[in-house]
J.: 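Sharing a structure, written as structure tokens. Questions coming.
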Amino acid sequence: MWRFQSTHERSETEYLDQTIERLEADTFLSKRADALLDGASASEPMLADLFRTPQDIRYHAEGPVVRDHLKQMLIALYGLVEEKFHLIDLEEFRRLKGYEGEIEELEETIKEHIGLFEVFTLCHDIGKWSSISFHSPIGSKGEQEGFNVSRTQLFREASSERLQMMKAYQERYKIFSASRPNESPREIQADFFMTYKIEVHYPNHAKKIYAPTSEALLERFCIAHQLPVREHDLLIDLIAHHMDVIRDFQTVRPERFGSYVHLAMSHGVDADDYTDLMQGALALDTMLGSKRLSAHGYWQDALPLIHCLRSEHDFAPHRRGEKEDERAAEHRREHNRVFREVGLDGEAMMDLLEMDPGPEFGRLLRRIHAAVLGQGDMPQLKTSVRKEVEERAGAFYNRMFVKGD
């Protein structure tokens, strides 16, 4: 968790596609993601099965199996935590004028709940393995080879027909892949789809988190990540509804945002906390963790999250101003707390400046604080006093911008 996440100095913008490409090339982030995935699959056979589950290139072009999706989500999560990018520096969000506070709060939320979002990443698609089905257009090679789940079997849990078809798909894919040793996994995934036209579906997979085995898996990971019971309960809802959120915000729909506010309230959960986490999950799952493929190449889709942010505003416009005021007040409280800790508060500065309380001291203190916060120039001070103020300001920066426990 971070002690404090300040508005960082704005950098040159970078398009989302470029950011993800850069993060994926980062060896440190890749190894960190692999370490979590390897450990999770080694300890949980259900996850090992999930990681090998095929995915549909129309929605997930990160690679041929679900593990590729989860790895991209984790790379983005760790890239954000390590400050290798900032949401507000994405060109798609810099253009979203008037939403800077919401975007920075979203980044802060993700950073403050790293463990929760790691568990969400590992478990949010756990129902895909048991719900997988295949469909191939009439006349396609996939249809000719029988890759179609019958409607009578479509909603049956882990039916033998479904699992046999997945095994056949995996075998077919393995043979296809072996015949293309010089292609990347993503190129092979694209070629396979173009050859067979097999679509992959997971009917109602999000709701399968309610199954006893899935809930037990989630509980084990919550314990391993030392998450409080409250966050376990939140994860159940976030996972169960994550596909609803994606579908609901294909366009701006304020009334649908309101339904999630009411959902949180009906469960006795703070609506702001829930919707902040919901948007964090949406950002990681769709915008950052899912790759699309078009004639022009691979791309990331930021629109569901942008539509969700706009829907929140249109649902309750007055709340934006209230939340901005709350954020500003929280920043002021945090500044004042650290000012006291490092000796930049009024009492300590009166001693250092050898001044009495009054308007003159108040004006000087405000100028010093503004300079420390990067909002103005440092006033003229005696050399010895200026040096001491600079040392205390250095201590202030260290406390404000260093990761906490």
J.: Considering only heavy atoms from C-beta outward, does the side chain of Met278 approach that of Leu282 to under 4.5 Å?
T.: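 The answer is no, as the side chains (C-beta and beyond) never meet within the 4.5 Å cut-off.
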
J.: Taking atom CD of Glu102 and atom CD of Glu100, what is their separation to the nearest 0.5 Å?
T.: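 Going from CD on Glu102 over to CD on Glu100, the span is 8.5 Å.
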
J.: Testing the basics here: between Tyr202 and Ser131, what is the closest heavy-atom pair and its distance to 0.1 Å?
T.: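 Reported closest heavy-atom pair: CB-OG, 3.5 Å.
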
J.: Can you list the steps and then say if Phe134 with Tyr169 is a ring pair (Phe, Tyr, Trp, His ring centres under 6.0 Å)?
T.: CA-CA 9 Å; Phe134 302 91; Tyr169 180 101; 5.0 Å; yes

J.: Check whether Lys97 reaches the backbone of Arg94 with its side chain - one donor and one acceptor, N or O, closer than 3.5 Å.
T.: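 Present.
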
J.: Quick one: do Leu218 and His232 satisfy side chain to side chain contact (heavy atoms under 4.5 Å, CB included)? Show the steps, please.
T.: CA-CA 8 Å; Leu218 178 65; His232 169 270; 4.2 Å; yes

J.: Within the 4.5 Å heavy-atom criterion, are His313 and Phe257 side-chain neighbours or not?
T.: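 Side chain of His313 against side chain of Phe257, heavy atoms only: no contact under 4.5 Å found.
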
J.: The criterion is side chain to side chain contact (heavy atoms under 4.5 Å, CB included); which residues satisfy it with Ala35, sequence neighbours excluded?
T.: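 So Ala35 forms no side chain to side chain contact (heavy atoms under 4.5 Å, CB included) with any residue.
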
J.: Taking the side chain from Arg392 and the backbone from Gly343, do they hold a donor-acceptor pair closer than 3.5 Å?
T.: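 Confirmed, Arg392 side chain pairs with Gly343 backbone.
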
J.: Side chains of Asp191 and Phe176: does their closest heavy-atom pair fall under 4.5 Å?
T.: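 With C-beta onward as the side chain, the pair touches.
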
J.: What residues form a ring-ring contact (aromatic ring centres under 6.0 Å, His included) with His60, not counting sequence neighbours?
T.: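 By the ring-ring contact (aromatic ring centres under 6.0 Å, His included) rule, His60 matches His69.
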
J.: Sorted by first residue and then second, give each side-chain hydrogen bond (donor to acceptor under 3.5 Å, both in side chains) pair with at least one member in residues 21-31; sequence neighbours left out.
T.: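 For residues 21-31: Glu14-Arg22, Glu24-Arg186, Asp26-Lys84, Ser30-Lys71.
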
J.: Side-chain contact, heavy-atom cut-off 4.5 Å: Met349 with Leu344?
T.: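 Side-chain contact under 4.5 Å: yes.
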
J.: Is Tyr78 close to Glu118 at the side-chain level, that is, under 4.5 Å between some pair of heavy atoms?
T.: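 Yes, side chains in contact.
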
J.: With side chain to side chain contact (heavy atoms under 4.5 Å, CB included) as the criterion, how do Cys222 and Leu235 come out once you've worked through the C-alpha distance, each side chain's angles and the decisive distance to 0.1 Å?
T.: CA-CA 9 Å; Cys222 287; Leu235 277 164; 3.8 Å; yes

J.: Heavy atoms only: give me the nearest Tyr298-Asp17 pair and the separation to one decimal.
T.: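 Nearest pair, atom of Tyr298 first, then Asp17: O-OD2, 4.1 Å.
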
J.: Out of curiosity, Glu215 CD to Tyr210 OH, how far, rounded to the nearest 0.5 Å?
T.: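 Interatomic distance, Glu215 CD to Tyr210 OH, rounded to 0.5 Å: 8.5 Å.
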
J.: Looking at His124 and Thr121, would you say the former's side chain and the latter's main chain have a donor-acceptor pair under 3.5 Å?
T.: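 A pair under 3.5 Å: yes.
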
J.: Kindly determine whether Arg386 and Glu390 satisfy salt bridge (Lys or Arg N to Asp or Glu O under 4.0 Å), including the steps that lead there.
T.: CA-CA 6 Å; Arg386 185 182 184 91; Glu390 289 174 350; 3.3 Å; yes

J.: Would the number of heavy atoms belonging to other residues, nucleotides or ligands and lying under 6.0 Å from CE of Met265 be above 12?
T.: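 Atom CE in Met265 is not crowded, with 12 or fewer foreign heavy atoms closer than 6.0 Å.
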
J.: Any chance you could measure Ile198, atom CD1, to Met165, atom CE, to the nearest 0.5 Å?
T.: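 Here the rounded value is 9.5 Å.
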
J.: Nearest 0.5 Å, what's the CD-CG distance between Gln300 and Leu90?
T.: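 These two atoms lie 10.5 Å from each other.
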
J.: For Gln55, which of Lys128, Gln189, Glu62 qualifies under side chain to side chain donor-acceptor pair (under 3.5 Å)?
T.: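 Looking at Lys128, Gln189, Glu62, the match for Gln55 under the side chain to side chain donor-acceptor pair (under 3.5 Å) is Glu62.
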
J.: In sequence, state the C-alpha distance, the side-chain angles, and the governing distance for Lys167 and Leu163, and then conclude on side chain to side chain contact (heavy atoms under 4.5 Å, CB included).
T.: CA-CA 6 Å; Lys167 184 176 180 180; Leu163 298 179; over 6 Å; no

J.: Quick one: closest heavy-atom pair of Ile132 and Pro54, and the distance?
T.: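 That closest heavy-atom pairing would be CD1-CD, 3.7 Å.
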
J.: Specify whether Phe120 and Phe117 have parallel, tilted or perpendicular ring planes, treating 30° as the upper limit for parallel and 60° as the lower limit for perpendicular.
T.: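 The arrangement is perpendicular - the two ring planes meet at more than 60°.
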
J.: Please answer whether the main-chain N or O of Arg52 pairs with a side-chain N or O of Gln170 as donor and acceptor at a distance below 3.5 Å.
T.: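 Yes; at least one donor-acceptor contact below 3.5 Å.
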
J.: Taking 4.0 angstrom as the limit, do Asp38 and Arg67 come out as a salt bridge?
T.: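 Looking at Arg67 together with Asp38, the answer is yes, because their closest N to O distance falls below 4.0 Å.
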
J.: For the pair Arg180 and Glu187, find out whether any cationic side-chain nitrogen is under 4.0 Å from an anionic carboxylate oxygen.
T.: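 No salt bridge links Arg180 with Glu187.
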
J.: What's the shortest heavy-atom distance between Val261 and Ala271, and which atoms?
T.: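 Reported closest heavy-atom pair: CG1-CB, 3.8 Å.
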
J.: Salt bridge (Lys or Arg N to Asp or Glu O under 4.0 Å) for Glu334 and Arg337? Distances and angles first, verdict last.
T.: CA-CA 5 Å; Glu334 185 71 3; Arg337 181 184 67 79; 2.7 Å; yes

J.: Please determine whether ring pair (Phe, Tyr, Trp, His ring centres under 6.0 Å) holds for the pair Tyr99 and Phe93, giving the CA-CA distance in whole Å, both sets of side-chain angles, and the decisive distance to 0.1 Å.
T.: CA-CA 8 Å; Tyr99 286 80; Phe93 285 135; 9.5 Å; no

J.: Quick one: pull up CG in Leu352 and CG in Leu381 and give me the separation to the nearest 0.5 Å.
T.: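 Rounded to the nearest 0.5 Å, the CG-CG separation comes to 8.5 Å.
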
J.: One pair to check against side chain to side chain contact (heavy atoms under 4.5 Å, CB included): Glu231 and His225. What are the steps and the verdict?
T.: CA-CA 11 Å; Glu231 293 193 359; His225 283 71; over 6 Å; no

J.: Can you find a pair of side-chain heavy atoms, one from Leu16 and one from Leu288, that are under 4.5 Å apart?
T.: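 A side-chain contact exists here, since the closest heavy-atom pair is under 4.5 Å.
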
J.: If you count every heavy atom of other residues, nucleotides or ligands that lies below 6.0 Å from Asp377 atom CG, does the total exceed 12?
T.: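 No, CG of Asp377 has 12 or fewer neighbouring heavy atoms, counting only those of other groups under 6.0 Å.
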
J.: What's the separation between atom CZ in Arg253 and atom CG in Asp248, rounded to the nearest 0.5 Å?
T.: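 It comes to 5.0 Å.
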
J.: Are more than 12 heavy atoms, taken from residues, nucleotides or ligands other than Glu255, located less than 6.0 Å from that residue's CD atom?
T.: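 Result for CD/Glu255: enclosed.
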
J.: Which heavy atom of Arg292 sits nearest a heavy atom of Asp301, and at what distance?
T.: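 Closest approach of Arg292 to Asp301, heavy atoms only: NH2-OD2, 4.4 Å.
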
J.: Under the rule for side chain to side chain contact (heavy atoms under 4.5 Å, CB included), what residues qualify as partners of Ser259, not counting sequence neighbours?
T.: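 Result, side chain to side chain contact (heavy atoms under 4.5 Å, CB included) vs Ser259: Arg256.
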
J.: Please list, chain by chain and in numerical order, all residues satisfying ring-ring contact (aromatic ring centres under 6.0 Å, His included) with Tyr173, sequence neighbours excluded.
T.: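 By the ring-ring contact (aromatic ring centres under 6.0 Å, His included) rule, Tyr173 matches Phe192.
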
J.: Within the distance-only criterion (no hydrogens, no angle test), does the side chain of Ser311 pair as donor or acceptor with the backbone N or O of His307 below 3.5 angstrom?
T.: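 A pair under 3.5 Å: yes.
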
J.: Of all heavy-atom pairs between Leu37 and Leu122, which one has the smallest distance, and what is that distance?
T.: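 In this case the closest contact between Leu37 and Leu122 is CD2-CD2, 3.9 Å.
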
J.: Let me have the donor-acceptor pairs involving side chains of residues 236-247, under 3.5 Å, with sequence neighbours excluded, atom names and distances please.
T.:
| from | atom 1 | to | atom 2 | distance (Å) |
| --- | --- | --- | --- | --- |
| Asp237 | OD2 | His267 | ND1 | 2.6 |
| His241 | ND1 | Asp244 | OD2 | 3.1 |
| His242 | ND1 | Ile239 | O | 2.7 |
| His242 | NE2 | Asp125 | OD1 | 3.4 |
| Asp244 | OD1 | Arg247 | NH2 | 2.9 |
| Asp244 | OD2 | Lys207 | NZ | 3.0 |

J.: Please tell me if the side chains of Leu284 and Leu77 come closer than 4.5 Å, counting only heavy atoms from C-beta onward.
T.: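 A side-chain contact under 4.5 Å exists here.
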
J.: Is a donor from one side chain sitting under 3.5 angstrom from an acceptor on the other, for Glu91 and Gln18?
T.: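 Gln18 and Glu91 do not have a side-chain donor-acceptor pair below 3.5 Å.
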
J.: Would you say the side chain of Glu388 lies within less than 4.5 Å of the side chain of Glu391, judging by non-hydrogen atoms?
T.: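 They are in contact (side-chain heavy atoms under 4.5 Å apart), so the answer is yes.
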
J.: Is there a donor-acceptor contact under 3.5 Å from the side chain of Ser136 to the main chain of Phe147?
T.: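 A pair under 3.5 Å: yes.
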
J.: Taking atom CD of Glu347 as the centre, report whether more than 12 heavy atoms of other residues, nucleotides or ligands fall under 6.0 Å from it.
T.: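 Incorrect, the count does not exceed 12.
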
